[in-house]
J.: 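My questions all concern the structure below.
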2 protein chains.
Amino acid sequence: MHRAAVERTNDVFAAQLAPVGRETVQDRVYSELRRALIGGLFEPSQVLTIRGLADALVTSTMPVREALGRLITEKALEALPNRSVRVPPITLERIDDLLRARILIEGEAISLAATRMGPRGIAIVEALLREWDEVRALKHKKDIDREVTLNQSFHFEIYRACGSAVLIPMIESLWLQSGPCIRVAIYAFSEAGEVDTAHYHRSIVAALAAQDAQAAREALVADISRPFAFLRDKLQSKARME
Amino acid sequence: MHRAAVERTNDVFAAQLAPVGRETVQDRVYSELRRALIGGLFEPSQVLTIRGLADALVTSTMPVREALGRLITEKALEALPNRSVRVPPITLERIDDLLRARILIEGEAISLAATRMGPRGIAIVEALLREWDEVRALKHKKDIDREVTLNQSFHFEIYRACGSAVLIPMIESLWLQSGPCIRVAIYAFSEAGEVDTAHYHRSIVAALAAQDAQAAREALVADISRPFAFLRDKLQSKARME
DNA sequence: TCAAAGCAAGTGTGATCACATATCAAAATC
DNA sequence: GATTTTGATATGTGATCACACTTGCTTTGA
């Protein structure tokens, strides 16, 4: 076929056809497992099997085993000496360890973002906040998954502005690791009567709009510390009862 | 066989037989590739193929592809849109990004370690320093690999004392990412006449022995910043020449 | 009655095959 | 002679098979 003809063809369809994407099955499995982990769909200490997940995801074992291997290297899952793999169990030490790391790294990221996030970025996170308010307005239906997703978008929209290709994957890894814990904390919130989560987020946005890095960091620390503190108390009281 | 007979057998051999270990082929491949990456055996931008590595490591493709996948998720390698994988190229932004992250996280780790590392830990790192001096004494043979290994042991022996199961894997990931860059810097050192690396390490040990977290952090920052600064200058002057 | 042996189902690991795509050089076409 | 086409080779991906190990239950034997 002549070159001109090929380009003609491209021109005709370019506007109408969406790119079909080149995502592999493995990528989809990996993304799906990540989503499930961050969303807290798996419980701490839950054992996962390759064939079980392959059946659930309607694929063969191959993409699943590679995805599991990747999640194990980022400590989102844990390889037992039996060669079986499970969601890491919650311990007090792990909670404190995760919180400290998150404060350190996400605090740094938001400090950087405070000076680099333009009005356009601010507008986006403000829109996310409004969307969240709408979800919370119709309270009758506890759409926790939706809230988790919005919270994630809110935070990562900010972190993205820090412009670090090194820090952001680390934060993702930390969210992956704290996902199963956070889920427990969220359920605890639901039982205990929810505190105003939105308040912290509004403080964060205000600090970012003022380009006040220190205030943004402090508001963020308060925001991410709260569920961890909640979870910590819960675990301790449970430990006392036994 | 009766239980008593089994235990008799165990008693007889327990002292003589070493545990045989349960490492999989995939684990060995992964470790070997990590070693090569941290040691800078691969060059930035070098493309790696599954079958090529499998031949070089004398295994099949299966363990290699899973190891590559794991290294890609921790950003030690990079997946190109062609689906081929390469060692990430060096850019000025990436160097600054990596250095900032390393200062942040390794600085925190050594601060924690300063108060938690007992005299026993101090003795170990001092022994590593003496071993290093010996290697440097016979200077005629530039045993760079040995020095890289000793440097790694020195740093991670300290980080191990911080007691964080979250921070340490992150530091390993950062070393994996900066390995290929550092190798370039080390060669630059060799050409430019080496500055006294040992000085910084002695400062670190002194600060740790005095449990002075702030001084330890500052000495560490100086230590890890130096090769990055060197590499940075080298890249900039090369960029000017083109 | 109870512990030990044996068996069967389940699971992870590694090897191999089939297939789609990428790459690159030779050949063909203008 | 430059550009396109074509074909051979190389490479990543997914499926399937074979094997070893684990696990839990049943059967056996004292």
J.: Just how far is it from atom CZ of Arg86(B) to atom CG of Leu80(B), taken to the nearest 0.5 Å?
T.: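 Going from the CZ atom of Arg86(B) to the CG atom of Leu80(B) covers 5.0 Å.
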J.: Any non-hydrogen side-chain atom of Pro180(A) less than 4.5 Å from a side-chain atom of Ile90(A)?
T.: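 Not in contact.
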J.: Whole angstrom is fine here: how far is it from CZ in Arg86(B) over to P in dT11(D)?
T.: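 Roughly 17 Å, once rounded to whole Å.
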J.: Kindly write out the residues that satisfy side chain to side chain donor-acceptor pair (under 3.5 Å) with Arg51(A), not counting sequence neighbours, or none if the list is empty.
T.: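 Expected list: none.
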J.: Quick one: list whatever passes side chain to side chain contact (heavy atoms under 4.5 Å, CB included) with Arg160(B), sequence neighbours left out.
T.: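 Arg160(B): side chain to side chain contact (heavy atoms under 4.5 Å, CB included) contacts with Glu157(B).
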J.: Check the distance between dG12(D)'s C1' and Leu71(B)'s CG and give it to me in whole angstrom.
T.: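 It is 17 Å, rounded to the nearest whole Å.
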J.: What I want to find out is whether Asp223(A) reaches Arg102(A) closely enough, with some N-O distance under 4.0 Å, to be called a salt bridge.
T.: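 Answer for the salt bridge query: no.
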J.: Does the protein touch nucleotides 11-16 of chain C at the base, only the backbone, or not at all? Give it as B, S and - per nucleotide, heavy atoms under 4.0 Å.
T.: BBBBBB
